[in-house]
> 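Dropping the structure in here first, questions after.
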Amino acid sequence: MRRIMSSVGLLLLCGIFLGVAPAHATGDTVTIDATVDGTPVGDDRLLLDPSGSSRFLVTVHNGTDTVRHVKTIRLSGTALALTFFSYDTTVPFDVPAKQSVTRGFVLDLGQLGAQATGLLPTDLEVLDTNRDVIAAIGTTGDVRGSLWSVYGVFGLAVFGLTVLAWAGALFALARRRLPANRWQRAMRFLPAGVGTGLVAVISLSVLRVVAPSPAAEIPFILGAAAAAFALGYLTPHPDADDLPLGPGGHSTTGRSATDHSATTRTSATVHADPEATQRITRPLPGGAA
């Protein structure tokens, strides 16, 4: 279980750090503006209600000297470097050089409630015929989904693994079964710390407090991981009397020490100098032997 938790935490951390860099970079000056049900897509939260359909109005501004061929408009939401929903709508049109073109379409969000809930970083992207991103605009999506959505169940699974990780580490601490090496004890607590950070990030997202962007994810996860690592490092050293007992209910360390002592005494007796133990007779008064 500790190995699974460590692997999951490592993969998510790698994805988070890689997610800090832009996913797509281009030298072309192509930008887009968009509205959803009349609300501009930008810095404010974008309400995504699965109970109905939403009307999207997308304007592509082509500042290059070539015609750009648009084929698909994509709406996607990600968290912890994982994509939890993605909708591709085929809207083919051309944008002449130095001009702007606006297209509108209606997107059915009925399945969104089973995919995500809470605040998620959301991107609206324009793709060309090769499915390469021409331009994109980011915002924070406020998804009014179910707790039993894919994102909600993912958060509950992370919470369960975190509870198991803490239970295993604390149980070993209470029974004094932690490794004698401080660094190994610290590594025993590290998966629980990573899980705690992930649970905090997902909980704040589902409760619509903070969206799980890299700027919010990294401090929570690294902070919780560092605290758990320090806790494991500072845990008390297990006593020799608390080590696993051998046959007969005696400590294996104590039995070994006793056996070694007995062996030493036996060896000393066997190898003793016979001359040192020879009987010495002395004459008694009166000439008696």
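All values derive from a computational prediction rather than experimental measurement.
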> Mind checking side chain to side chain donor-acceptor pair (under 3.5 Å) for Thr235 and listing every partner two or more places apart, or none if nothing turns up?
Arg185
> Is there a donor-acceptor pair closer than 3.5 Å between any side-chain N or O of Arg208 and the backbone N or O of Val143?
yes
> Considering all heavy atoms of both residues, which atom of Ala79 and which atom of Pro212 are nearest to each other, and what is their separation?
CB-CG, 3.6 Å
> Give the other cluster members for Leu231, using side-chain heavy-atom distances under 4.5 Å between Ile, Leu, Val, Met, Phe, Trp and Tyr residues; answer none if it is isolated.
Trp166, Leu170, Leu173, Leu178, Phe189
> Using only atom types and a distance under 3.5 Å, with no angle test, would you say the side chain of Asn62 pairs donor to acceptor with the backbone of Pro96?
yes
> His69 pairs by side chain to side chain donor-acceptor pair (under 3.5 Å) with which of Asp94, Asp128, Asn130?
Asp94
> Side chains of Leu109 and Asp49: does their closest heavy-atom pair fall under 4.5 Å?
no
> My understanding is that a hydrophobic cluster links ILVMFWY residues whose side chain heavy atoms are under 4.5 Å apart, including indirect links. Using that, what else belongs to the cluster containing Val106?
none
> Hydrogens and angles aside, do Thr39 and Asp37 bring a side-chain donor and acceptor to less than 3.5 Å of each other?
no
> Test of understanding: with side chain to side chain donor-acceptor pair (under 3.5 Å), list the residues that count as partners of Arg55, not counting sequence neighbours.
none
> Once side-chain contact (heavy atoms from CB on, under 4.5 Å) is applied, do any residues pair with Leu234, and if so which ones, sequence neighbours excluded?
none
> Given side chains that start at C-beta, do those of Arg144 and Pro50 come closer than 4.5 Å, heavy atoms only?
yes
> Is any side-chain heavy atom of Val67 less than 4.5 Å from a side-chain heavy atom of Val95?
no
> How about Thr162 and Leu198: do any of their side-chain heavy atoms sit closer than 4.5 Å?
no
> Is Phe220 atom CZ crowded by more than 12 heavy atoms from other residues, nucleotides or ligands, each under 6.0 Å away?
no
> Provide the full list of ring-ring contact (aromatic ring centres under 6.0 Å, His included) pairs with a residue in residues 73-110, sequence neighbours left out, each pair given once.
Phe56-Phe105, Phe84-Tyr151, Phe84-Phe154
> Within the distance-only criterion (no hydrogens, no angle test), does the side chain of Asp123 pair as donor or acceptor with the backbone N or O of Glu125 below 3.5 angstrom?
no
